[in-house]
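To start, the structure itself, in structure tokens.
Everything quoted here is computed from the prediction, not taken from an experiment. Here is how names work: the chains are called A, B, and so on, in the same order as the sequence lines, proteins then strands, and each is numbered from 1.
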Amino acid sequence: MKLSSFFSEKQNEICHKGEQNNQNKDIEFQPSSAQEGSQYQSGDCESEASMDTLELSKDSLSSDEQKASAFEERESGDFTVDEGEYDYETACSESRNDTDGNLGVPQSPNAKSRCSNLFSTRSTGSHLSLSLEKSAAKPSGRPHSTLTDPNFVENYFKYSRLHFIGTWRNRYRKRFSNLLEAKGIKLSADHSGKKKTIIHIDMDCFFVSVVIRNMPELHDKPVAVCHSDNPKGTAEISSANYPARNYGIKAGMFVRDAKARCPHLMIVPYNFDAYEEVADQFYGTLHKHCSKVQALSCDEAFLDMTECLHDNPEEVTQRIRSEIFHATKCTASAGIAENMLLARLATRSAKPNGQCFIPSEKADDYLSSLSIKALPGIGHTVSSKLKSKEIEYCSQLRNVSKDALHKDFGKKTGDLLWNYCRGIDHSIVGSVQETKSVGAEINWGVRFNDNKDAEHFLNNLCKEVSLRLQGCGVQGRTITLKVKTRREGAGEPIKYMGCGDCETTSRSMTIAGATDSFVTLQRIAKQLFSALHLDVL
DNA sequence: ATCCTCCCCTAC
DNA sequence: TAAGGTAGGGGAGGAT
Ligand SMILES: Nc1ccn([C@H]2C[C@H](O)[C@@H](COP(=O)(O)OP(=O)(O)OP(=O)(O)O)O2)c(=O)n1
Ligand SMILES: [Mg+2]
Ligand SMILES: [Mg+2]
């Protein structure tokens, strides 16, 4: 059996380079956090000497237990919802089998693992994450794992779509820094009773549209972006165009399931450079029409047109969309409303290649029949909890008192639910926000035979985080390491080179002076890993 | 009260 | 074969 374990590191408390102070050099690490672990305490954290591989290696080698990664279980949960067309649980049956049940809430846990480290002094931080997995005794054959590629970390990120979208914001920040004035962000303060005009705009099936933008013959055929065209494969669909969605194909689905629904589905490869270029054209157009632009992702933004409006909002929106199409040969859809919530919901109705205006007097009607799960910020866990009480639509949610929502979901989420189901949203369109953390994690292809493998991987992850910190020009003081370990009794991962069903644990440590140094990260990460008392094998 | 650590949840 | 990342919001529970 194989085992896999993950870990990640994270550093918090970032500070902009330049100002940091080191107060006490002596005490570089504050043992405090590390010890929390508690029982364990063997002092790993304190003495560097002890940290040595010895302790680690012993532990790790000694036990045979296996640990695996967890993605699968939870994943299933995340997606189950929609129309039931694609049952992720089935796809990931592993997870379910596993046993033990967990606690309470129905499949709540997500399986995602992440590892990260972050630092920060003030506002920035960095994350580092690693994942480890023990490899099966003999099958060394895996072509794409930490066991066979010494530069696995570096290579992995070149091909990861989630890494691309996850780091896009930092690139955007650099590219458009001249246009971003760090102003007020999201604090909900909408006291100016003035009516606003908000536009939410999102490119249609972005990754597919960009790749086929010069291939009109494919526009009405089902097409999806994926690394693999193997009809038995577990590669994930990144984006599917609208003809493909008619077959029930969605992002995140395994390619074998997509092919089963639509055998003639055309698979096209990723083109990250083109996504970057089209996103720049998209944002270039937006900034031309509006000074208040909030980027949500590479293909999606909010515009506060209240003060940039010269014409009818719908005509302006039409113009912006035409201009985007002219510049990119890709279509965008937009929603227009008086607040960000309604504008975003309007976009959904508008897709594909359309636009939709929701006047505030129609908001109540529009929301009544809307599923709670469709509200932004409400995912599988919250919506399932409500559904178990027979509350599925916004109209039903309006009958639940604020107190009851607070009790079940906490203050903030309770307020959000209460407001959103009534179409209330006071957030304001902001431009940039200060970085709070920086991290890196890998939950695929991570396999270790011994502690050396794990250490090598961890070091590479530290290097990655160090570079990212330097790239952002920030440093951090709190380093967090997260590790995934295969859950007891979990079988092989369903997904090729996946992490499977894992348990995640994390440890963090705050140091006196902010850092972006590889050597420092490496040292702290090692201590944190050791404090977790995990066995590699 | 407020802060801190270790999670969980969400979205792209 | 295939590339399951990243970051912020938020809560529980303990320390201060
Ligand atoms: N699970 C996901 C979600 C998104 N993406 C990538 C591919 C998408 O093209 C891009 C933008 O995400 P969207 O949610 O905007 O999805 P699309 O643009 O593909 O479709 P839509 O027309 O619904 O916006 O992010 C991904 O790789 N995996
Ligand atoms: Mg889109
Ligand atoms: Mg989008």
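One interatomic measurement links the two molecules: CZ of A:Phe207 to P of C:dG5, which rounds to 15 Å at whole-angstrom precision. Atom CG in A:Leu296 sits roughly 13 Å away from atom C1' in C:dG8 (whole-Å rounding). One interatomic measurement links the two molecules: CG of A:Leu375 to P of B:dA11, which rounds to 10 Å at whole-angstrom precision. One interatomic measurement links the two molecules: CZ of A:Phe254 to P of C:dT1, which rounds to 16 Å at whole-angstrom precision. Remark: C1' of C:dT6 and CH2 of A:Trp444 are 19 Å apart, rounded to the nearest angstrom. Regarding A:Lys373, its NZ atom lies at a distance of 6 Å from the P atom of B:dA11, rounded to whole Å. C:dT6 atom P lies 12 Å from atom CZ of A:Phe272, rounded to whole Å. When rounded to the nearest whole Å, the span between NZ of A:Lys407 and P of C:dG10 equals 21 Å.
Side-chain contact between A:Lys495 and A:Trp444 is present, with heavy atoms from C-beta onward closer than 4.5 Å.
Distances shown here put a side-chain N or O of A:Arg468 below 4.0 Å from the OP1 or OP2 atom of C:dT6. Side-chain nitrogen and oxygen atoms of A:Arg507 include at least one within less than 4.0 Å of the OP1 or OP2 phosphate oxygen of B:dC6. The phosphate of C:dT6 (OP1 or OP2) has no side-chain N or O of A:Ser437 nearer than 4.0 angstrom. For B:dT5, one of the phosphate oxygens OP1 or OP2 lies less than 4.0 angstrom from a side-chain nitrogen or oxygen of A:Thr510. The phosphate of C:dT1 has neither OP1 nor OP2 within less than 4.0 Å of any side-chain N or O from A:Lys495.
You'll find that the side chain of A:Thr505 is closest to B:dC7, out of C:dT1, B:dC7, C:dA3. Checked against C:dA3, C:dG11, C:dT6, the side chain of A:Thr167 finds its nearest nucleotide in C:dT6. Among C:dA3, B:dC6, B:dT10, the nucleotide with an atom closest to any side-chain atom of A:Ser508 is B:dC6. Taking every side-chain heavy atom of A:Thr381 into account, B:dC9 is the closest of B:dC12, B:dC9, B:dC6. Proximity note for A:Asn230 (side chain, C-beta onward) versus B:dC9, C:dT6, C:dT1: the nearest is C:dT1. Relative to the side chain of A:Phe157, the nucleotides B:dT5, C:dT1, C:dG5 differ in distance, and C:dG5 lies closest. In this structure, the nucleotide among B:dC12, C:dG11, B:dT10 sitting nearest to the side chain of A:His380 is B:dT10. Side chain of A:Gln433, nearest nucleotide from B:dT10, C:dG5, C:dG9: C:dG9. Taking every side-chain heavy atom of A:Ser297 into account, B:dC12 is the closest of B:dC12, C:dG5, C:dA3. Of the listed nucleotides (B:dT10, C:dG5, B:dC7), C:dG5 has the atom at the smallest distance from the side chain of A:Ile165.
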Distances under 3.5 Å between protein N/O atoms and the N/O atoms of nucleotides 12-16 of chain C, please, pair by pair.
none

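Remark: the A:Asp204 side chain and the A:Ser209 side chain contain no N/O donor-acceptor pair separated by less than 3.5 Å.
Within 4.0 Å (heavy atoms only), A:Leu416 reaches no atom of the nucleic acid at all. Counting non-hydrogen atoms under 4.0 angstrom, A:Arg169 reaches nothing in the nucleic acid. A:His227 comes within contact range of at least one nucleobase, with a heavy-atom separation under 4.0 Å. Looking at heavy-atom distances under 4.0 Å, A:Lys411 makes contact with sugar-phosphate atoms alone, never a base. Using a 4.0 Å heavy-atom cutoff across all strands shown, A:Phe164 reaches no nucleic acid atom at all.
For A:Gly414 and A:Asn170, each mapped to the nucleotide of DNA chain C holding its nearest heavy atom, the one lying further toward the 5' end belongs to A:Asn170.
The salt bridge (Lys or Arg N to Asp or Glu O under 4.0 Å) check on A:Lys387 picks up A:Glu392, with sequence neighbours excluded. Here A:Ile391 pairs with A:Ile372, A:Leu386, A:Lys389, A:Gln396, A:Leu397, A:Val400 under the side chain to side chain contact (heavy atoms under 4.5 Å, CB included) rule; sequence neighbours left out. Considering only residues two or more places apart in sequence or on other chains, A:Lys411 meets the salt bridge (Lys or Arg N to Asp or Glu O under 4.0 Å) condition with A:Asp415.
For residues 271-280 of chain A, the pairs satisfying salt bridge (Lys or Arg N to Asp or Glu O under 4.0 Å) are A:Arg171-A:Glu276, A:Arg175-A:Glu276, A:Arg175-A:Asp280, with sequence neighbours left out. Residues in residues 151-169 of chain A take part in these salt bridge (Lys or Arg N to Asp or Glu O under 4.0 Å) pairs, two or more places apart or across chains: A:Arg161-A:Glu236.
Taking a cutoff of 4.0 Å between a charged side-chain nitrogen and a carboxylate oxygen, A:Asp229 and A:Lys259 qualify as a salt bridge.
With centres under 5.5 Å and a plane angle under 30° as the test, the ring of A:Tyr156 is not stacked against the base of C:dA3.
A:Trp168 pairs in a ring pair (Phe, Tyr, Trp, His ring centres under 6.0 Å) with only one of the listed residues (A:Tyr275, A:Phe272, A:Phe282, A:Tyr283), which is A:Tyr283.
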